[in-house]
Protein chains: 2
Amino acid sequence: MPELSIAQYDLVYNMFSFTFATLLAAFIFFILVRSQLAPQYRTAMIMSALVVAVAGYHYFRILESWSAAFTLQDGVYVASGQPFNDAYRYIDWLLTVPLLVAELIYVINPRNRGRLTFTLATAAALMVILGYPGEIATDMGTRALWGFISTLPFLYLVYVLFTGLGGAMQEQTPQGRILIRNARLLLLATWGFYPIVYLLPIFGVSGSAAIVAVQVGYCIADVAAKAGYGLLIYAIASEKSKAAGWKYEAVTTPVPSPMS
Amino acid sequence: MPELSIAQYDLVYNMFSFTFATLLAAFIFFILVRSQLAPQYRTAMIMSALVVAVAGYHYFRILESWSAAFTLQDGVYVASGQPFNDAYRYIDWLLTVPLLVAELIYVINPRNRGRLTFTLATAAALMVILGYPGEIATDMGTRALWGFISTLPFLYLVYVLFTGLGGAMQEQTPQGRILIRNARLLLLATWGFYPIVYLLPIFGVSGSAAIVAVQVGYCIADVAAKAGYGLLIYAIASEKSKAAGWKYEAVTTPVPSPMS
């Protein structure tokens, strides 16, 4: 690891902590808000909660690993000798990326949601797994090759999400359609950050500024793609619950006891 | 960090621990009491729970950072060399201040609550973000400038909270109006502590007594503005639930089993 100024080290540390706190708040929100939705959309909220729980755990670990990787010496942070464990991110993606895709399918709720979820979650997992040999490769040719291979399941995913849901999209309310479009675009926009980071070593970008930029970028991408995306899934579920006649907030008297 | 007596160090440490315990208790209370309220006021309790959860996490971190920043040497606490991380507070505010405003809007429940929440939460976040460059500035002119700029969204917030809710306030019960007025005053009173701390360096106040006073003051302000304020939101929600015909406590006979 290169030398970091105190401000650089602190910025990354504080962004990790901010991301952890945001994921924690999102987890509590997704758990609690479930009962306010029509039953058919609660599974999507459970999945959203799983995503931010898994990501929160990994951010806690990443923060600890970051602390252990540096020592303050003469006013700058130098490598302590312990490596900064970035593999946490791949483990995180392996679990969360299929779930992010599943969330969207469950809230859209097409007729064949089980099969579609299995196919797309498999594609999402393949995308992560096939990227990893390139991530740990030392030569740039191997990195580029695996990067290319892992792009194929990604393209398949994008193709199905943007064209294969045509029938199910017709069944949404106009407001629901706008929200689903936004969720798909958010997925695409935030996922776009990961290949950029993947390509940096190929373009020879390194040094302290690059490390700081990459870690801060990952934090912003994860907050948007996991907590923010989950909020959009909630908004879709809430809109569709209302459209389905679920009047959670209109109940002003308690449910009478069964025998009264 | 200046030298602290054992009593000074312990006072701050114990106040951090007290604040953490209070926030934890408030979190559990807000979660559990939700189901006793009419459904339309439960979202406000979820937001109250998120606020104290996020603040609790940060107090846990602040307590650890405080411990690490000092070493006991010859009967006094001296700086260990590790910095005391005060950035946790800004990250906390960035997440909690918009939520505190949102809580109040959701419990008042005006017709345009979605749009109003978005506008005021944005103003609250801007207030925190614009204060930060001044907080880390070393010269007092920059500090004063950013302090002034961040006061503008604050004034906008106060203006809307105290005048812009006129219509919605007419729909509250007399008891509800009193409670909402108290919640707004508590917000204003506790938020008043933060600019005072912000201005201390400009007035040249520093040294161990100032550090202790600032940290103890933050604890009191956070307990009042987060746990205490959440309790007021609960009281408003409870009052409004009753007014809406929600008779949670009126069931005096046990619910018979479905098969009896």
Side-chain angles (χ1 to χ4, degrees), chain A residues 6-7 9-37 52 56 59-60 63-64 67 70-75 77 175 219 223 227 231 234-235 238-239 241 246-260, chain B residues 27 30-31 34-36 38-43 45-47 49-58 60-62 65 68 80-83 85-88 90-92 94-96 99 106 109 114 132 136 240-251 253-260:
Chain A
I6 291 180
Y9 172 89
D10 281 352
L11 176 63
V12 173
Y13 182 97
N14 290 330
M15 280 302 291
F16 287 157
S17 185
F18 162 75
T19 307
F20 176 81
T22 307
L23 294 170
L24 175 72
F27 175 70
I28 299 166
F29 180 75
F30 297 149
I31 295 283
L32 296 182
V33 90
R34 231 173 1 123
S35 60
Q36 302 190 4
L37 298 169
V52 290
Y59 264 89
F60 188 84
L63 191 147
E64 285 195 328
S67 289
F70 292 95
T71 328
L72 188 57
Q73 218 167 66
D74 304 322
Y77 277 97
Q175 176 67 7
C219 289
V223 165
L231 268 183
Y234 162 69
S238 175
E239 162 71 20
S241 294
W246 178 258
K247 293 192 178 72
Y248 179 77
E249 295 208 345
V251 179
T252 50
T253 48
V255 177
S257 71
M259 296 308 290
S260 64
Chain B
F27 175 70
F30 297 148
I31 295 281
R34 232 175 2 124
S35 60
Q36 303 188 6
Q40 59 269 41
Y41 302 115
R42 291 183 190 170
T43 306
M45 289 325 292
I46 294 181
M47 289 168 172
L50 296 185
V51 165
V52 290
V54 168
Y57 163 71
H58 285 115
F60 189 83
R61 288 281 186 199
I62 288 170
S65 177
S80 70
Q82 281 206 47
N85 189 352
D86 234 1
Y88 286 127
Y90 272 84
I91 304 171
D92 178 76
L94 188 58
L95 292 165
T96 58
L99 279 167
Y106 267 72
N109 206 7
Y132 191 66
I136 57 169
K240 293 186 73 173
S241 293
K242 275 179 208 140
W246 179 258
K247 294 191 179 73
Y248 178 78
E249 294 204 350
V251 179
T253 48
V255 176
S257 74
M259 298 307 290
S260 64

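A note on names: the letters A, B, ... follow the listed sequences, proteins ahead of strands, and every chain is numbered from 1.
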Undergrad: Using modelled atom types and a 3.5 Å cut-off, is there a donor and acceptor pairing between side-chain atoms of Ser238(A) and backbone atoms of Tyr234(A)?
TA: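 Pair absent, no side-chain N/O of Ser238(A) close to backbone of Tyr234(A).
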Undergrad: Assess whether atom OH of Tyr13(A) is packed by more than 12 heavy atoms of other residues, nucleotides or ligands within 6.0 Å.
TA: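 Yes, because the 6.0 Å sphere around OH of Tyr13(A) holds more than 12 heavy atoms from other groups.
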Undergrad: From Phe30(A) CZ over to Leu37(A) CG, what is the distance, rounded to the nearest 0.5 angstrom?
TA: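 So the gap between those two atoms works out to 11.0 Å.
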Undergrad: Between Tyr57(B) and Ser17(A), is there a side-chain donor-acceptor contact under 3.5 Å, judged purely by atom types and distance?
TA: yes
Undergrad: Heavy-atom pairs under 4.5 Å with chain B - which of Leu32(A), Val33(A), Thr22(A), Ile28(A) has more of them than the others?
TA: Leu32(A)
Undergrad: What part of Leu11(A) is in contact with chain B, defined as an atom under 4.5 angstrom from a non-hydrogen atom: side chain, backbone, both or neither?
TA: neither
Undergrad: Under a 4.5 Å heavy-atom cut-off, does chain A meet the side chain of Leu94(B), its backbone, both or neither?
TA: side chain
Undergrad: So, Asn14(A) side chain and Asp10(A) main chain: donor-acceptor pair closer than 3.5 Å or not?
TA: yes
Undergrad: Given 3.5 Å as the limit, does a donor-acceptor pair link the side chain of Trp246(A) with the main chain of Gln36(A), or not?
TA: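 Between the backbone of Gln36(A) and the side chain of Trp246(A) there is a qualifying donor-acceptor contact (under 3.5 Å).
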Undergrad: Name the region of Ile31(B), side chain, backbone, both or neither, that has any atom closer than 4.5 Å to a heavy atom of chain A.
TA: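 For Ile31(B), the contact with chain A is made by the side chain alone.
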Undergrad: For Tyr90(B), which atoms come within 4.5 Å of any heavy atom of chain A: side chain, backbone, both, or neither?
TA: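 For Tyr90(B), neither part sits under 4.5 Å from chain A.
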Undergrad: Is it the side chain or the backbone of Arg61(B) that comes within 4.5 Å of chain A heavy atoms, both, or neither?
TA: side chain
Undergrad: Considering only heavy atoms and a distance below 4.5 Å, find which of Val51(B), Asn85(B), Val54(B) pairs most often with chain A.
TA: Asn85(B)
